[in-house]
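The figures that follow rest on heavy atoms only: side chains count, while hydrogens, waters and symmetry mates do not. Here the structure is a predicted model, which means the values were calculated and not measured.
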Amino acid sequence: MSDNFLMCTRAVSKNVFTDEPGPTRYLIVPDGEVPSPAHEVAKLETWVKALRKAATWGKDERVGGPRGDILVFIHGYNTSKKTVMDRHVQLKADMSAAGFKGVVMSFDWPSADSALNYLEDRHDAKVTAMQLVTDGIKVLSDNQTPDCGINIHLLAHSTGAYVVREAFDDADDYRLANNAWTTSQVVFIAGDVSASSMTDGNSATESLYRHCVRLTNYSNLRDSVLKLSNAKRLGMAPRVGRSGLPQNVPTKAVNIDCTEYFKTLESDPAIRARDQIKVIGEFNHSWHIGNKHFAKDLFETLRGDLDRAVIPTRTLDAQGNLQLTDGSI
């Protein structure tokens, strides 16, 4: 049994969280329970101290202080409070098995448990996006001391990528005090933002690139949730989680094409039995969490010791593009 750290921006009605935006609350949720207002930690300092303690796994020899990692997970649309916890707990297990020693924290923004609620969810994502920076990343960064080496990483699924993009952009637009905050690795899985918005110099993403050390995008052409003909999405432009990053991106951005690996995962029962521990949601859009092979690649991405082109779970195709391997390593 262990505690689970969450930031929740859902409103409260009759002592339960709703699907509408509300003020930020900091929660510690026991295993097996669904987030509720009863899990709120009264003092922010108490929550931050406990989170930092859970994140610390060693000593930074360069500065003499603690070394650790915080992986912040940002979910997508159509995500119930139970699904938030299911993915959070599974991601913790996946990353621990892969070798990650830090802590997983989830940012729970208000999305309804309905696939038809896409546009309202996207509006709520925009409304609450800045809270991710002001009440999350910036709070954690402001609590860093000169001798502290705790890295903050973001993992955004589906519309969670939109939350991250808008959060970073809004934070710069509002010119927050102490705007030197930064994140280490930003990772998109099945990212539901337009591929064209990710180009170098694009006004929608220049803040995102400015405030991270590296951005890694995992794409899958077989993701049917992100297809152009999906009626719920009203025919939006090609999404980065399906078509991948465009050609003109900053050098800190890298795309990992998962299409061939997912094709094998989908068609080969032996590979699926070996790699896929669990599926939470629609398989072609949500296979990442619960997949051992993906977790290995993500762990190396967060660790940052290897060049992005030589991580052993990846290979280069004939055009020199990085692909997730078939897992035979």
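Remark: side-chain polar atoms of D170 are not paired, donor with acceptor, to backbone N or O of A129 under 3.5 angstrom. Under the 3.5 Å distance criterion, the side-chain polar atoms of D3 are left unmatched by any main-chain donor or acceptor of I28. Between the R52 side chain and the L140 main chain, no donor and acceptor come within less than 3.5 Å of each other. Between the side chain of K292 and the main chain of I277, no donor-acceptor pair closer than 3.5 Å is present. A donor-acceptor distance shorter than 3.5 angstrom exists from the side chain of S111 to the backbone of T79, with no hydrogens or angles considered.
Salt bridge status for R303 with E300: present, with a side-chain N to carboxylate O gap under 4.0 Å. The existence of a salt bridge linking D223 and R242 is excluded, since no basic side-chain nitrogen approaches an acidic carboxylate oxygen closer than 4.0 Å. The pair R165-D169 does not meet the salt-bridge criterion, since no charged nitrogen lies less than 4.0 angstrom from a carboxylate oxygen.
When the salt bridge (Lys or Arg N to Asp or Glu O under 4.0 Å) test is applied to D297, the partners found at least two apart in sequence or on another chain are R314. The side chain to side chain contact (heavy atoms under 4.5 Å, CB included) test applied to T56 returns P66, I150, not counting sequence neighbours. Not counting sequence neighbours, S184 has no partner by the side-chain hydrogen bond (donor to acceptor under 3.5 Å, both in side chains) test. Annotation: side-chain hydrogen bond (donor to acceptor under 3.5 Å, both in side chains) contacts of T205 (sequence neighbours excluded): none. Here E260 pairs with nothing under the side-chain hydrogen bond (donor to acceptor under 3.5 Å, both in side chains) rule; sequence neighbours left out. When the ring-ring contact (aromatic ring centres under 6.0 Å, His included) test is applied to H39, no partner is found at least two apart in sequence or on another chain. Not a single ring-ring contact (aromatic ring centres under 6.0 Å, His included) links H153 to another residue, sequence neighbours left out. Scanning for side-chain hydrogen bond (donor to acceptor under 3.5 Å, both in side chains) contacts around N291 gives Y261, Q276, with sequence neighbours left out.
In the hydrophobic clustering (ILVMFWY side chains linked at under 4.5 Å, chained through shared members), V12 is joined by L6, F17, L27, V29, V84, M85, V89. Within the hydrophobic cluster formed by Ile, Leu, Val, Met, Phe, Trp and Tyr side chains joined at under 4.5 Å, directly or through other members, V310 is accompanied by L306, I311. V34 shares a hydrophobic cluster with no other residue; no ILVMFWY side chain has heavy atoms under 4.5 Å from its own.
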Exercise for the section: Run the numbers on N4 and E33 for side chain to side chain contact (heavy atoms under 4.5 Å, CB included), then give the verdict. Expected result: CA-CA 10 Å; N4 302 286; E33 296 188 26; over 6 Å; no
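Tracing side-chain contacts under 4.5 Å through hydrophobic residues (I, L, V, M, F, W, Y), one reaches V103 starting from L44; they form part of the same cluster. Linking Ile, Leu, Val, Met, Phe, Trp and Tyr whenever their side-chain heavy atoms come within less than 4.5 Å leaves F262 and I280 in two separate clusters.
Here the side chains of D135 and M7 are in contact, with some heavy-atom distance below 4.5 Å. Annotation: side chain of W47 is not in contact with side chain of E40 (no heavy-atom distance under 4.5 Å). Two residues are said to be in side-chain contact when any heavy atoms from C-beta on lie closer than 4.5 Å; I137 and F168 meet this criterion. A heavy-atom distance below 4.5 Å is not found between the side chains of L298 and I189. Residues L302 and M95 meet the side-chain proximity criterion, which asks for heavy atoms closer than 4.5 Å.
H157 and H285 have tilted rings, their planes meeting at an angle from 30° to 60° on a 0 to 90° scale. Classification of the F294-W287 ring pair by plane angle, with boundaries at 30° and 60°, yields perpendicular.
Within the structure, salt bridge (charged side-chain N to carboxylate O under 4.0 Å, His left out) pairs that include any residue of residues 102-111 comprise R10-D108 (at least two apart or interchain).
If you check the side chains of Q131 and T24, you find a donor sitting under 3.5 Å from an acceptor.
Within 6.0 Å of atom NZ in K252, more than 12 heavy atoms from other residues, nucleotides or ligands are found, so the atom counts as buried in its surroundings.
For the atom pair T9 OG1 and L132 CG, the distance stands at 9.0 Å (nearest 0.5 Å). Separating the CG atom in N151 from the CD1 atom in I70 is a distance of 9.0 Å, to the nearest 0.5 Å.
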